[in-house]
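See structure below.
As the structure is a computational prediction, the values presented were derived from the model and not from experiment. Naming convention: chains lettered A, B, ... in sequence-line order (proteins, then strands); numbering from 1 in each chain. Below, all heavy atoms of this structure are taken into account, side chains as well, without hydrogens, waters or symmetry copies.
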Amino acid sequence: MKTFLILGAGTGGTMMANKLAKRLDPQEWEIILVDREMEHYYQPGFLFVPFGYYKPESIVQPKQKFVPSGVKFINSDIELIEPDQNRVTLKEGNKVLSYDHLLIATGTDIHPEEIEGMQGAGWQQNIFDFYTFDGSVKLHKFLNNFNGGRIVVNIAEMPIKCPVAPLEFAFLADYYFQQRGIRNKVEIVYSTPLSGAFTKPVASKMLGDILVKKNILIEPDFAISGVDSAKNIVSSYDGRELNYDLLVTIPTNMGANVIGLSGMGDDLNFVPTNKQTLQSNKWQNVWVIGDAANVPASKAGSVVHYEAETLIENILHAIAGKELTAAFDGHSTCHITSGFNKSLLIDFSYDVEPLTGVYPMPVVGPFPLLKESFFNYLGKLSFRWIYWNIMLRGIPFPLPPAFSMAGKKQ
Amino acid sequence: MSVLDSVKFDADGYLEDPKVWNKEIAEAIAKREGVTLTERSWIVINYARKEFETKGEAPTLRAITKNTEVDTKELYSLFPGGPGKLAAKVSGLHKPTGCI
């Protein structure tokens, strides 16, 4: 019996467990899925919880509900990966698992401790993150009682998971305070290490214009050097200081600690990975999906979904001793919620930046690109159902994985 | 005639071909960008060149501060504004690829 070991039962690990269970011969392969947590969070929901648009309990389900029969689920932290020995040691009982193939799907986490003073006296008092369930729930309580002042949204450094989420947070904050009738008492500042609202020129211009329209101040090229909780000041390396009454931080994102401990990661514990085949650069029987990889694509669920299509083919080829032929093109599709029941859609790849135009979709489409619309927002809201019922279960989905120029304006 | 007249730059002022770079060009780019290079700047530049030769791209700020004795604060004083971009520019490397 051979072992296919998957580390991490988040979006990528769960999806791949479902795909592998359908494609690998159960007489020949045992599939094991390891995760330290029992709950699966619908992470796009973390954005809506602070404003009360989603109830916290509506975005949590037991992980095991999505584990297909035939896949063994182990609830444990991971102590060490030894890729040269093809084995993994679990924290639970120091159990050692040997594998034939390994899939790393350990994702990325926030590290507020990387920023001086971030976790000082103000942490979770008037400094919150919304990249964790705990953070978004606590931020909701704070916002409920917030009646005016200066909000600074800060991205510490790139790359981050879901790079549009901080913008969406600023857009939704504008909407939320308008709904409460106190927008005139709230100042919103968007501070980013990037030179504009987004990385790529066309989208940066369009999204930057929306910030201006919503009266959100942008503080570009802001490389955070530290937080002073006593004075409520966040400062940058070039000497700028921003006062805040509420600091919403997107701290440094890093891969799992065990990746670093096992000597498998880069400076941020992301695994060096071939951006097309999604195979580890160093070990031929090690594969990487989603946020855990260092590939220059967005760290986002849509990317994981597209990657999975490439990955399953390449894994099956490798097992059969054939050449790897499937190549991931960096395709990413993101909904950007902009408040007032509207959202924008962007679609891009390694080579093509987000452009304007339309996104063709059979039956329900086309959806406009880089333009606010109610129709797009319906797409975003329906995604929660699609995520739980189709995506995680590895069921084919009517979105072609390969990036296409159809409908886009150049 | 400046040494910069003999080499090509892209629209953002980055050297088109990192291979033609030399110390004289680095000094000239630095002058054009209004920065003075010190011994400390060269620690960063030499590291950036070494990284480029092994990995094919400019190092991140985090990699520079982790692997040289120059910390982030000093990096900002040596290459004011955006040290990642400026250090890459002076080192004759392509514009660092922003993560999307």
Side-chain angles (χ1 to χ4, degrees), chain A residues 111 114-116 155-164 192-196 198-201 203-204 220-226 235-240 252-254 266-270 272 275 281 291 294-300 303 330-332 334 346 348-354, chain B residues 9-14 30 33-36 38 40-41 43-44 46-91 93-100:
Chain A
H111 287 264
E114 287 284 311
I115 302 126
E116 205 182 314
I155 301 173
E157 64 183 296
M158 298 297 287
I160 55 167
K161 174 162 27 193
C162 192
V164 294
T192 166
L194 301 173
S195 300
F198 203 58
T199 47
K200 304 287 170 178
S204 189
D221 296 313
F222 190 90
I224 188 170
S225 60
S235 47
S236 69
Y237 279 107
D238 60 5
R240 277 177 279 169
T252 307
N253 277 216
M254 292 173 79
D266 63 10
D267 298 320
L268 287 165
N269 293 343
F270 295 124
K275 69 175 189 177
N281 281 344
D291 301 351
N294 78 334
V295 302
S298 277
K299 295 192 179 299
V303 172
H331 189 192
S332 178
C334 303
I346 58 173
F348 52 100
S349 72
Y350 287 140
D351 302 321
V352 184
E353 64 168 306
Chain B
F9 291 92
D10 71 8
D12 298 320
Y14 294 82
E33 300 292 328
V35 287
T36 312
T38 67
R40 303 291 289 176
S41 321
I43 294 177
V44 176
N46 290 334
Y47 174 73
R49 289 299 301 188
K50 201 182 88 201
E51 280 292 288
F52 168 73
E53 272 151 36
T54 51
K55 294 182 184 153
E57 54 187 58
T60 60
L61 288 189
R62 182 172 278 272
I64 296 171
T65 55
K66 194 172 166 183
N67 299 305
T68 72
E69 56 193 86
V70 176
D71 67 15
T72 313
K73 201 173 174 69
E74 187 181 5
L75 203 51
Y76 271 85
S77 69
L78 296 173
F79 300 97
K85 288 180 208 157
L86 195 49
K89 206 176 259 187
V90 173
S91 307
L93 306 179
H94 289 156
K95 190 174 180 176
T97 44
C99 293
I100 205 158

Per-residue contact mode, A:T252 against chain B (heavy atom under 4.5 angstrom):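 The answer is the side chain of A:T252.
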What part of A:A203 is in contact with chain B, defined as an atom under 4.5 angstrom from a non-hydrogen atom: side chain, backbone, both or neither? neither
Measure from NZ or CZ of B:K89 to the centre of the six-membered ring of B:Y14 and say whether it is under 6.0 Å with the direction within 45° of the ring axis.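 Satisfied, under 6.0 Å and within 45°.
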Interchain contact, B:K73 with chain A, by part (heavy-atom threshold 4.5 Å):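 B:K73 touches chain A through backbone and side-chain heavy atoms alike.
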Please classify the contact between B:T60 and chain A as side chain, backbone, both or neither, with a heavy-atom cut-off of under 4.5 Å.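 The side chain, not the backbone.
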Nearest non-hydrogen partners of B:F9 and B:G13, listed with the distance: CD2-O, 3.4 Å
Can a donor-acceptor pair be found between the side chains of B:D71 and B:T65 at a distance below 3.5 Å?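 Absent: no donor and acceptor within the cut-off.
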Ignoring hydrogens and angles, state whether a donor on the side chain of A:D238 or A:S236 is under 3.5 Å from an acceptor on the partner side chain. yes
